[in-house]
Protein chains: 2
Amino acid sequence: MTRRERKAQTRRTLIEAALCLIEGGGFAGLSLREVTRQAGVAPATFYRHFSDMEDLGLALIDEVGLMLRQLMRKARKRISETGSVTRTSVNVFMEFVQSNGNLFRLLLGERIGNTPSFRSALQAELNRFTEELTEDLERQAVRLKTSLGDPSIAAEAIVAVVFSAGVEALDTPGHRCQQLMERLILEIRMILTGAAVMAKKNQAKIE
Amino acid sequence: MTRRERKAQTRRTLIEAALCLIEGGGFAGLSLREVTRQAGVAPATFYRHFSDMEDLGLALIDEVGLMLRQLMRKARKRISETGSVTRTSVNVFMEFVQSNGNLFRLLLGERIGNTPSFRSALQAELNRFTEELTEDLERQAVRLKTSLGDPSIAAEAIVAVVFSAGVEALDTPGHRCQQLMERLILEIRMILTGAAVMAKKNQAKIE
DNA sequence: TATTTTAGTGAACAAGTGTTTACTAAATAA
DNA sequence: TTATTTAGTAAACACTTGTTCACTAAAATA
């Protein structure tokens, strides 16, 4: 096995270890030595891969970004198969929260955490997500020949509502998740119909 | 000065110290010694007031609850003076976020954090907030002789949207906060009109 | 082949951590 | 007044932490 591959491999081990440890205590209460211990590697080895814990954190945030993009892609694919937009999106989202819980915790925990570089990186990641949703909403509006006014506002509201439900889902036992999803779907529909109605009123005012 | 008063006073000092330190690094990365140092008190003194850091944390969470209740009361009072519900509420909320930033950080940071007892306590606090908002919405609907269907769903959505904006406001410079608030107001109106329209449709179906 | 690079190691460091101990001085109770 | 309770202290404890250092063994290069 080549040296680059080996290095990449232990790097991955470290990332996985950190991700695993986040589950039981956030990123803030997470020590370099814990990570190396969990990874089965000497403390000094850490410095061959990251200069800092903050550096590791930024690598984790890259993973979050990747996750969100995969999430979007998967949702779009399934929507084009099934048709029902909201319900399918919510389904995909909840599946992701269940299986990538730790990344999710990172995303929402460090958004308020101490480290400024984390906060801005994560906020940027979230903004990108909102933008993509905005574009989707725009396309949908064109397709259905309606208007949502400024779709970015609806998108922002939807993202807030969805992620809030995501947090709640993190420690909701599986069987009560269905309930949670039904509420979430209603909330999203509220926002969308509200946006449509308000857009129509504004249109009427202008004409 | 009586002994009880003295004790209560240093207890307060410890709480204030913790609150002050949270600003620069969340609750998780916060050591007992740091708190006592900031409070100007010997480390051992801590144990005369709290058994644990977790114990201190729970005391802080009580403060959060107090803050939220004050928030509600103040909003109601101002609403009865001015009339405009949404705009006034958002104003009051944002003022609170600006002046009680650290409590806010605690509320939203530890909702996902490591400590299970924190999570549940904070979720309970948030739920109480949502409930009160639900009742307010109900009263408003009666007064305006309209219906929002199940107002608890709209309330949940509004809370999500408002707190999400609160997080963003935490490190938004004052002059851009106005923009943020305008968006927030639009989002809330969306949810409310959406809820009203959907309730009307459902009503029509039943009749 | 011999030489250089380098991912990973183990030992050591100074500094910070939570917690317990016996102690003081002042407020309370007798 | 004398005796007791107690909020706060200083010192010590056994650990954990981040970081550096010289070192090894194996892969890459010459």
Side-chain angles (χ1 to χ4, degrees), chain A residues 1-61 106 109-110 113-118, chain B residues 1-61 106 109-110 113-118:
Chain A
M1 189 186 281
T2 150
R3 200 138 60 177
R4 258 226 277 268
E5 285 170 328
R6 271 211 178 289
K7 181 163 186 182
Q9 186 178 300
T10 58
R11 189 187 145 98
R12 196 96 266 289
T13 313
L14 284 168
I15 288 180
E16 299 285 353
L19 237 36
C20 165
L21 289 173
I22 279 177
E23 174 136 37
F27 185 85
L30 187 63
S31 74
L32 185 151
R33 284 182 115 104
E34 258 184 302
V35 174
T36 57
R37 213 179 303 134
Q38 170 83 17
V41 140
T45 304
F46 184 91
Y47 294 99
R48 301 282 183 207
H49 301 271
F50 307 101
S51 64
D52 236 13
M53 276 302 272
E54 187 170 332
D55 200 19
L56 206 207
L58 292 174
L60 292 182
I61 289 175
L106 186 76
E110 294 305 313
N114 42 356
T115 330
S117 60
F118 284 6
Chain B
M1 188 186 281
T2 153
R3 200 138 63 176
R4 255 226 279 270
E5 285 169 329
R6 270 211 179 289
K7 182 164 185 181
Q9 188 178 297
T10 57
R11 190 188 144 98
R12 196 95 268 287
T13 313
L14 284 168
I15 289 181
E16 299 285 355
L19 237 36
C20 165
L21 290 172
I22 278 178
E23 174 136 37
F27 185 85
L30 186 63
S31 75
L32 185 149
R33 285 183 116 104
E34 256 183 304
V35 174
T36 56
R37 212 179 303 134
Q38 168 83 16
V41 142
T45 303
F46 184 90
Y47 294 98
R48 301 279 182 210
H49 301 269
F50 307 101
S51 64
D52 236 12
M53 277 301 272
E54 187 170 332
D55 200 19
L56 207 208
L58 292 174
L60 292 182
I61 290 176
L106 185 77
E110 295 303 314
N114 43 355
T115 331
S117 60
F118 285 7

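All values reported here derive from a predicted model rather than from experimental measurement. Per chain, numbering begins at 1; letters A, B, ... match sequence-line order.
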Original post:
Separation of A:Asp52 atom CG from D:dT20 atom P, in whole Å?
Top reply: 10 Å
Subject >> Residue pair A:Thr115 / A:Glu54, side-chain donor-acceptor N/O under 3.5 Å >> reply: no
Original post:
Can you check whether B:Thr45 has a side-chain N or O nearer than 4.0 Å to OP1 or OP2 of D:dA7?
Top reply: no
Subject >> Nearest-0.5 Å distance, CD of residue A:Glu16 to OG1 of residue A:Thr10 >> reply: 12.5 Å
**OP:** Could you please name the option among D:dT17, D:dA7, C:dT9 that lies closest to any side-chain atom of A:Ser31?
**Re:** D:dT17
Original post:
What is the distance from CD of B:Glu5 to C1' of D:dG8, rounded to the nearest Å?
Top reply: 17 Å
**OP:** Looking only at side-chain atoms of A:Tyr47, point me to the closest of D:dG18, C:dT21, C:dT17.
**Re:** D:dG18
**OP:** Give the nucleotide from the list D:dG8, D:dT17, C:dT19 with an atom nearest to the side chain of B:Thr10.
**Re:** D:dG8
**OP:** Choose from C:dG18, C:dT9, D:dG18 the nucleotide whose nearest atom is closest to any side-chain atom of A:Arg33.
**Re:** D:dG18
Subject >> Closest heavy-atom pair and its distance - A:Met53, A:Phe27 >> reply: O-CZ, 3.5 Å
Original post:
For nucleotides 25-30 of chain C, read 5' to 3', which letter fits each nucleotide if B means a protein heavy atom sits under 4.0 Å from the base, S means only the sugar-phosphate is that close, and - means neither?
Top reply: -BBS--
Original post:
Closest to the B:Ala44 side chain: D:dC23, D:dA7, C:dT21?
Top reply: C:dT21
Subject >> Options D:dG8, C:dT9, C:dT19, nucleotide nearest the side-chain atoms of B:Pro43 >> reply: C:dT19
**OP:** Measure the spacing between CD of B:Glu34 and SG of B:Cys20 and express it to the nearest 0.5 Å.
**Re:** 10.5 Å
**OP:** Would you mind reading off the distance between A:Leu14 atom CG and C:dT9 atom P, rounded to a whole angstrom?
**Re:** 10 Å
**OP:** By nearest nucleotide on DNA chain D, pick out whichever of A:Arg37 and B:Lys7 is the more 5' one.
**Re:** B:Lys7
Subject >> Separation of atom CZ in B:Phe46 from atom C1' in C:dT19, rounded to whole Å >> reply: 12 Å
Original post:
What is the distance from atom CZ of A:Arg12 to atom CG of A:Leu19, rounded to the nearest 0.5 Å?
Top reply: 8.0 Å
**OP:** Can you measure from CG (B:Leu56) to NE2 (B:His49) and round to the nearest 0.5 angstrom?
**Re:** 10.5 Å
**OP:** Write down the distance between CG (B:Leu32) and P (C:dT20), rounded to a whole number of angstrom.
**Re:** 11 Å
**OP:** Round to a whole Å and report the spacing from CZ of A:Arg48 to P of C:dG10.
**Re:** 14 Å
**OP:** For residues B:Gly29 and A:Ala28, report the shortest heavy-atom separation together with the two atoms involved.
**Re:** N-CB, 4.2 Å
Subject >> Distance, rounded to the nearest Å, where A:Phe50 contributes CZ and D:dT19 contributes C1' >> reply: 17 Å
Original post:
Contact class for B:Arg11 vs. all strands (heavy atom < 4.0 Å): base, sugar-phosphate, or nothing?
Top reply: nothing
**OP:** Could you please name the option among D:dA7, C:dG18, D:dT17 that lies closest to any side-chain atom of A:Glu34?
**Re:** D:dT17
Subject >> Heavy-atom pair of closest approach, residues A:Arg11 and A:Ala59 >> reply: NH2-CB, 3.8 Å
Subject >> Atom-pair distance (CG on A:Leu30; C1' on D:dT17), nearest Å >> reply: 13 Å
